[in-house]
Amino acid sequence: MAVRLSLSNPGAEPWTLAGAALVDSAGEQVELARWPLAPIPANGAGAVVVGIEGERAQLGCPCTLKLWEAAGPRTVTLGNVTFPVSQQAGP
C-alpha cells in the first residue's frame, strides 16, 4: 500500500524527504518505504510517495503519519490516518 502526497514548501530552503513512519495511538511505529520524487523547492510544491513494503503492519489506527527532512528540523505530521476495512484484514 502506498500514498502520494502533494506538499508545499513555504521555506527558504529546499525540503528533501529523509524518513517516514506511521505511529498508532499506542505508540507502535512502523517505518515506511519512501520514494522522494525530487526535493521540494523553496517556496514551491512537489510530491513524495510513502508506503508499506511487504506484510502490512498491525497498527491500531487512526495513526499519525510523520515525514522528516534530510538536513534539518522541519517535519510534516498528518493525524487521523485510517485505512479502508478491506485493507486492514490479513490475507
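Just so you know, these numbers use all the heavy atoms, side chains as well, and skip hydrogens, waters and symmetry mates.
A heavy-atom distance below 4.5 Å is found between the side chains of L78 and L5. The side-chain heavy atoms of L67 and T75, taken from C-beta on, include no pair separated by under 4.5 Å. Contact of the V50 side chain with the L17 side chain is registered, since non-hydrogen atoms from C-beta on lie closer than 4.5 Å.
Shown here for W68 and W15, the closest heavy-atom pair between the two residues is C-CZ2, 3.8 Å. Residue L22 comes nearest to C63 through the heavy atom pair CD2-CB, 3.9 Å, listed as atom of the first residue, atom of the second, then distance. Nearest heavy atom pair, residue A2 against residue V49, reads CB-CG1, 4.2 Å. In plain terms, the two heavy atoms of T16 and P39 that are nearest each other are OG1-CB, 3.5 Å.
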From CA spacing to verdict: side chain to side chain contact (heavy atoms under 4.5 Å, CB included), V81, T64: CA-CA 6 Å; V81 175; T64 299; over 6 Å; no

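For the atom pair CD1 of I40 and CD of E13, the computed distance is 14.0 Å after rounding to the nearest 0.5 Å.
Hydrophobic cluster membership differs between V76 and V23, with clusters built from Ile, Leu, Val, Met, Phe, Trp and Tyr side chains linked at under 4.5 angstrom.
With sequence neighbours excluded, the residues forming a salt bridge (charged side-chain N to carboxylate O under 4.0 Å, His left out) with R74 are E69, listed by chain and number.
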